[in-house]
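Written below as structure tokens is the structure these notes are about.
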Amino acid sequence: MKRFTQMEYKDPDELLFGHAKYPISIGNDTEIGAGHVIPEINVAPGEGTEESKEKMVSECRNITRSASDRAVNIGLPAFILEQEHISQQTNNPDWTAECTQAQVEVLEKYHDEYGIKTGLRATPADIRDEEKDSGFWSSDLFNRVIESIEASAENGAAIVSIETTGGKSVSDYGISRGDPKAILFGIGVLGSMDMEYMWEKIVPICKKHNTIPGGDTDCSQSNTAMFLAGGLLDKDCSHTLTALARAMGAARSLVAVECGAQGPLKDCGYENPIVKAISGVPISTEGKNAVCAHSDLMGNLMASVTDMWSNESVYHREEMGGTTPEVWLQATGYEAALMNTAIETGEGKTLRDLYTLTDKYRDPQALILAYDNAYRIGEAIVKNGDDPYLRARAAAIEAGAIINEAVDSKKMYLTRFERDSLDSALKVLKKLPTESDKFTKDCIRKYSRKVPDFDPKNYEL
Amino acid sequence: MKRFTQMEYKDPDELLFGHAKYPISIGNDTEIGAGHVIPEINVAPGEGTEESKEKMVSECRNITRSASDRAVNIGLPAFILEQEHISQQTNNPDWTAECTQAQVEVLEKYHDEYGIKTGLRATPADIRDEEKDSGFWSSDLFNRVIESIEASAENGAAIVSIETTGGKSVSDYGISRGDPKAILFGIGVLGSMDMEYMWEKIVPICKKHNTIPGGDTDCSQSNTAMFLAGGLLDKDCSHTLTALARAMGAARSLVAVECGAQGPLKDCGYENPIVKAISGVPISTEGKNAVCAHSDLMGNLMASVTDMWSNESVYHREEMGGTTPEVWLQATGYEAALMNTAIETGEGKTLRDLYTLTDKYRDPQALILAYDNAYRIGEAIVKNGDDPYLRARAAAIEAGAIINEAVDSKKMYLTRFERDSLDSALKVLKKLPTESDKFTKDCIRKYSRKVPDFDPKNYEL
Amino acid sequence: MSYKDLEDKIDQRNVYLRYNVELEGPAIKPEEDEEVAKILPNDEPFRSIALTILNENRDEAITIVKKALDDGISPLDIINEGLMKGMDAVSLLYTKGIYFLPDLMLSGDAMMESVKECEAVLGHKSDSKATVVSFVAEGDPHDIGKNLILMFLRAGGYEAIDMGRDVPASDVVEAVKKYHPIFLTGTALMTTTMTAFPKVVKALEDADLEVPAIGCGGGAVRKDFVESFPMSVYGVEAYHTPKLADAILNDKKDWKDLRKEYSDVVGGFVSEYS
Amino acid sequence: MSYKDLEDKIDQRNVYLRYNVELEGPAIKPEEDEEVAKILPNDEPFRSIALTILNENRDEAITIVKKALDDGISPLDIINEGLMKGMDAVSLLYTKGIYFLPDLMLSGDAMMESVKECEAVLGHKSDSKATVVSFVAEGDPHDIGKNLILMFLRAGGYEAIDMGRDVPASDVVEAVKKYHPIFLTGTALMTTTMTAFPKVVKALEDADLEVPAIGCGGGAVRKDFVESFPMSVYGVEAYHTPKLADAILNDKKDWKDLRKEYSDVVGGFVSEYS
Ligand SMILES: [Zn+2]
Ligand SMILES: [Zn+2]
Ligand SMILES: [Zn+2]
């Protein structure tokens, strides 16, 4: 595995939605990152559909039909359907196989009939459990995940992704207690190790079946921090600390790419702009059209350098305007259309900058993901590219510096809580050892005791 | 009443979102059309809340609280809450009074506590019924509407609107049968007469209570056509004929302004860009963030010259991302923020043009509302400004000409059905008499017989 | 850059595609459609009568029908062998996406008025397949949906009773007693008027009445709400109505069956039933 | 125009306002808050002990507590007059928006470990208000919500039993038999795992067991779903849990009451209950 020690983009200004340095082609005439933005729709299977394989297959097929139908009715040139698996699907790889098959069949039909460019992203669930299954890397549950990935690839998914959960117990502990060391260990060390372990297995399977290994996300960690951080008036997690966690998440999500993932990285990876700046792979992101799933403070900014624009997730049910696969594909589809118009007219960079500036100083979490700052964090990562721990630490410290500079220039305003937690986090982070081994040993000692679910054996430590 | 016989805007390029020639001020430091776009949120009361006044008051209060709460949590500088009344509210003006009071109270509280700029738009329902109540202009139901408007104004609504339904039975007949003459009579003659009658009553009430008379919409007619027209593959109403109906709708909605309505015109008036071009009043519009309520083919274009950006309507219930007042205010709020960033940076016109061009040729309905074409239709209207019939006819004929030019220049492509229905509609429209009286008499004869609900006496004809 | 310059730079196909235009097949005359050809009668005057309906030509339809009646042709034959065949062809073309709603409405108007001419000679109403009663929910003044339903039902050979707008539950009960419909349809635009539907069901139950199904649909009506009370089935499109009625009439389906088999009954994927 | 130039042109306040910054009052020391002052004990060593909790200082808390125990102060008094008072003050500051979750978690850690020291001397567990059992729904591996709930409950003086993740209904039944909790809490992230909640209710009913309420919440869980089966109440925020437990314990509320009075019980507007 080759670590990134240089930026694939040489200038942040080269970053633009719809354009990735290394676009991918997924069949059905569909390319991602090759000059246009593609909407992505993701609908959560309704309650009860988990009861049998038949119900789940039918649910998956129906979601696909509804989305396809709306797509042609409003004239979308292209769209991607993502299916995030529920645990039963991954637990039973035959469910995965049949669901995937059913969805691919519908998409093919629409492609043949209308010429619409489509493809399926299948995302098996990470059903491994740190608590239950001491063989985190070799258990039955692990095997089921791998089989499910193979079943997705084998049955026609254009892209396969996963949201790995390595290190979550430790980072959860750190996020709820405002402990930057635990967060760094959970994301930068354990998370990166787990992602490497998983993706070294996933990429060859995808290659074998001519499927695109799409990539991963730090969802289980940085997004937990973001969800807890909540809105401006929420009191659960400091938004500055959350910003540092996000920067670490970039160092982690990059690992999948280093193992051969080609993108589009998963929509919920808010760290994706950083990963794109480093690696040049296309990314999926979400923001203002994912309000169905959660509230973020960077709804426009997240579109700035996206290649696929997603709604994250939505209940499968009926709105006045149609069923949710219809309604939410229309929402992401219309935003993608705006971006594509900007690209076509040569005004892409203007729109990109407007997206960015709409949120840049709304919150520290947004600030560090503005493409110029994302690039800076990328640079901090590649400078320490060979060492997952050091690069995650460097990313966080750089994010802190970015926030502090914006505060100094009176563009970013912080509350006392944000100010204090940033200062204390930076103090802690800067004092940490510069050797990965030392840090790891230290953390194993500390968090094995404090975090009941954390078992170093799970990571062969 | 002074009819518009000249354009208030002298050049279509002056039209821009957030900027109206005649901005309004509604208290709470809030201005509309004065340089920034304001998001508008509208949530339909849940089923069962119509059972008692207490339930409805509580429902209205809760919708307001939820929206206000999200607004401050994501940092919106301003928002408007619209409450479209259900029939029980209008039928019982004491419900109107108490609901309005409860909502205004919450908004004031948030304004005082956070400094957020807010205001309530109250929209009593047009509960008059052509079929039931032969005194369309003087019945009990009519009185209830007027009382309800007064109760809204009296109890602190910043803006009062209504969606009048005059002429609907005839235009419905025409829309479902593809009969342009019936559509013109329903919208251009009966609709305009009814709007004039109503707004001559509404404006003085608003003035008395220092409330802004917000304006009307051709919702009951042009939107019926648009909903029936549906998506590209729907087969219920020709999209070219629908475009002509929309142009007529502009000639109609202008009447409220001529009677003294100051805007923001109602969100669902897709004809509003035309009315704004003529009259200079601020407008509310809806598009890609109203997918919860319906699908249109101009989701971005409708933002081009808007002053308030609305979600139209949504069920009051829970999404993963919060309750719908929260989720959908965030959706419209984030889009308004993008527009405001564009304004602040001097790139407003670029974003306006991108919005427009994203949809301009997606559908004939979109084409005629692109701001340059909207302006042209405005010119056709003011040229015949003194005569509601002739100006609606001229608007439709101009819309047809716009479509034909776009087809000739190979930018717009029509299906045979769209082509044929446009040709035949234009042929019919061009042959119609040039005297309003003659046309009216002719239509009374024809449609009294064909449309069971149409009674000329309702319009004192 | 100017608006015009921006516009000229766009390759539309990268932003949107008009699939309706893309997919359009060659134009053919309606009567040349293979399936229509099978439906249309070959003998005169029935063929001409059916063709006037197919061509949406009300005036000519009435003229030919009157002439046929004058010539002593049985009014029932004119209805069943001529007018209804034309209408069947129209419905077929609508389902196939070749005809559009206005075609259907205009053909329907032509058919209904021609039927009236026949009934004048017949001295009584002609037989219909069965009776369906349609109402708009109490409190709701919007009725275009109901009016479309009426037309689709009549085009499908049903006697469709129009109860109008804003109909109280008690009136629906009376109508059921009077007309013994095989199917009721109710429409509502708003969440706060769709609550009238369960009240209708309750009123029917209180009166010990039952119908095979009540189709409930329109505007803000949701399937999950409609399925929260008995006797009801959520109706998605107006043109589904005669198909639901056919399933009740021919296959003895009731509301429970229709909920389960909706897509099959109306013959195609329905997103709301997925 | 360049990005930098664009940025410099923006008056941020026309695009967004950071209300959290706008509204911030003057900084005060936590112990100077008027309501906190009323809660804190005045006598030593209890005041010092409470202050170490308020200051989230685990090491010092343990040191002072150990010293107090050595000095022969009653372990129960240390818990009730010192540690719990400190924790009450912390909870109050969290509710008032002055303290944040990490404060609460760190104070909670300090309190829990100090309590353990006291219990070591006491020779048995100290009394809690009552027992609550918390589980993550079967099939769901996400547990941060449950972990927060545990901490909030413990900070509120409850014995909180942690059943972990992915818990089968049968295990919940066993736990209810064993611990007789006054309240159960279940969390789920997904629509397809929240279906475990009604299964738990069914299993309890089958075993003839009942609890005053089961709080169900997390991720994609919806109130309307939770209220579609009995014994349950939809929980919105983790910090609501001890307030719900208090209402059960002190005011004998059950799930039916809690559904109706949720906002009052948790003391504020809750959008989901509106
Ligand atoms: Zn995710
Ligand atoms: Zn409307
Ligand atoms: Zn509206």
Side-chain angles (χ1 to χ4, degrees), chain B residues 13 44-51 86-88 91 126-132 165 168-169 172-173 175-179 220 224 228 232-233 235-239 241 313 315-316 349-350 352-354 356-363 371-372 411 413-418 421 450 452-453, chain C residues 1-10 12 15-25 27 56 94-106 108-109 138-145 147-148 151 162 164-166 190-195 198 219-222 225 228 237-239:
Chain B
D13 188 53
E47 55 265 23
T49 57
E50 78 282 3
E51 282 164 12
I86 64 164
S87 62
Q88 286 86 343
N91 235 317
D126 188 355
I127 54 174
R128 300 171 302 153
D129 189 325
E130 287 186 89
E131 189 182 32
K132 295 231 150 144
T165 58
K168 182 168 168 58
S169 61
D172 275 1
Y173 172 91
I175 288 161
S176 52
R177 276 158 186 84
D179 176 345
S220 68
T224 300
L228 264 187
L232 295 174
L233 302 178
K235 307 284 180 186
D236 287 338
C237 187
S238 148
H239 291 205
L241 187 60
S313 185
Y315 296 124
H316 187 202
K349 291 189 173 180
T350 307
R352 173 198 64 186
D353 290 349
L354 294 178
T356 303
L357 294 171
T358 298
D359 297 320
K360 192 169 178 185
Y361 300 99
R362 191 185 295 271
D363 197 76
Y371 68 92
D372 50 339
K411 288 189 162 164
Y413 297 88
L414 300 179
T415 62
R416 273 193 301 276
F417 176 51
E418 290 168 336
S421 65
K450 295 202 173 214
D453 287 350
Chain C
M1 208 181 310
S2 88
Y3 180 47
K4 181 75 186 57
D5 291 339
L6 291 175
E7 177 169 328
D8 289 339
K9 292 178 86 174
I10 298 179
Q12 288 186 31
V15 180
Y16 42 76
L17 287 172
R18 288 182 54 73
Y19 292 104
N20 47 354
V21 176
E22 308 266 323
L23 288 177
E24 204 161 51
E56 308 159 33
Y94 180 76
T95 307
K96 291 179 79 167
I98 296 166
Y99 263 26
F100 294 77
L101 179 66
D103 301 303
L104 201 90
M105 296 298 276
L106 293 170
D109 288 348
E138 180 159 21
D140 213 312
H142 299 86
D143 66 354
I144 191 168
N147 292 341
L148 297 181
M151 185 50 82
D162 179 3
R165 295 187 284 265
D166 189 11
M190 301 173 74
T191 43
T192 48
T193 52
M194 71 181 181
T195 50
V221 179
R222 285 192 320 272
F225 177 75
S228 68
E237 300 281 353
Y239 77 85

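None of these values were measured; they are calculated from a predicted model. Quick note on labels: first sequence line is chain A, next is B, and so on, each numbered from 1.
Taking OG1 of B/T415 as the start and CZ of C/F100 as the end, the distance is 5.5 Å to the nearest 0.5 Å. Expressed to the nearest 0.5 Å, how far CG of B/D353 lies from NZ of C/K4 amounts to 12.5 Å. To the nearest 0.5 Å, atoms OG1 (C/T191) and CD (B/E50) are separated by 7.5 Å. Atom CG in C/D143 sits 8.0 Å away from atom CG in B/D129 (nearest 0.5 Å). Between the OH atom in C/Y3 and the CG atom in B/L354 there is a gap of 11.0 Å [rounded to 0.5 Å]. The distance from the CG atom of B/D236 to the CG atom of C/L104 is 9.0 Å, given to the nearest 0.5 Å.
Scanning for salt bridge (Lys or Arg N to Asp or Glu O under 4.0 Å) contacts around B/K168 gives B/D172, with sequence neighbours left out. The ring-ring contact (aromatic ring centres under 6.0 Å, His included) check on C/Y99 picks up nothing, with sequence neighbours excluded.
The closest donor-acceptor contact from the side chain of B/T358 to the backbone of C/V15 lies at 3.5 Å or more, if one exists at all. Checking side-chain atoms of C/Q12 against main-chain N and O of B/K411 turns up a donor-acceptor pair under 3.5 Å. With hydrogens and angles ignored, the 3.5 Å screen pairs a side-chain donor or acceptor of C/R18 with a backbone N or O of B/Y413.
Between the side chains of C/Y239 and B/K235, not a single donor N or O lies within less than 3.5 Å of an accepting N or O.
If you tally non-hydrogen atom pairs under 4.5 Å between each of C/E22, C/R222, C/M194 and chain B, the highest count goes to C/R222. For chain C, the option among B/D126, B/L414, B/N91 with the highest count of heavy-atom pairs below 4.5 Å is B/L414. Between chain B and the residues C/L23, C/N20, C/L106, the largest count of heavy-atom pairs under 4.5 Å involves C/N20. With chain B as partner, the option from C/T193, C/L17, C/D109, C/D103 having the largest number of non-hydrogen pairs under 4.5 angstrom is C/D109. Between chain B and the residues C/M190, C/M151, C/M105, the largest count of heavy-atom pairs under 4.5 Å involves C/M105.
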* Output, in order, the C-alpha distance, side-chain angles, deciding distance and verdict of side chain to side chain contact (heavy atoms under 4.5 Å, CB included) for B/R177 and C/E56. => CA-CA 11 Å; B/R177 276 158 186 84; C/E56 308 159 33; over 6 Å; no
* Asked: For C/R165 and B/D453, what are the C-alpha separation, side-chain angles and deciding distance, and is it a salt bridge (Lys or Arg N to Asp or Glu O under 4.0 Å)?
  -> CA-CA 11 Å; C/R165 295 187 284 265; B/D453 287 350; 2.7 Å; yes
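Nearest heavy atom pair, residue B/G48 against residue C/T195, reads N-CG2, 3.7 Å. Across all their heavy atoms, C/I144 and B/L228 have their closest contact at CD1-CD1, 4.1 Å. Of all heavy-atom pairs between C/T192 and B/I86, the closest is OG1-CG2, 3.2 Å. Minimum heavy-atom separation, B/L233 to C/Y19: CD2-C, 4.2 Å. Closest of all the heavy-atom pairs between C/G139 and B/S87 is O-OG, 3.6 Å. Here the shortest heavy-atom pairing between B/R416 and C/E24 reads N-OE2, 3.0 Å.
Put simply, the side chain of C/I98 does not reach to within 4.5 Å of the side chain of B/F417, judged on heavy atoms. Between C/L101 and B/C237 the shortest side-chain heavy-atom distance does not fall below 4.5 Å.
With a threshold of 4.5 angstrom between heavy atoms, B/D359 approaches chain C through N, CA, C or O but not through any side-chain atom. Residue C/N147: no heavy atom, backbone or side chain, is found under 4.5 Å from chain B. Proximity to chain B (any heavy atom under 4.5 Å) is restricted, for C/L148, to the side chain, taken from C-beta onward. When heavy atoms are compared at a cutoff of 4.5 Å, B/S220 does not approach chain C at all. Using a 4.5 Å cut-off between heavy atoms, B/T49 contacts chain C through its side chain alone, with no backbone atom that close. Of the atoms belonging to B/E418, it is side-chain heavy atoms, and not backbone ones, that fall under 4.5 Å from chain C. Heavy-atom distances place the side chain of B/T224, and not its backbone, under 4.5 Å from chain C.
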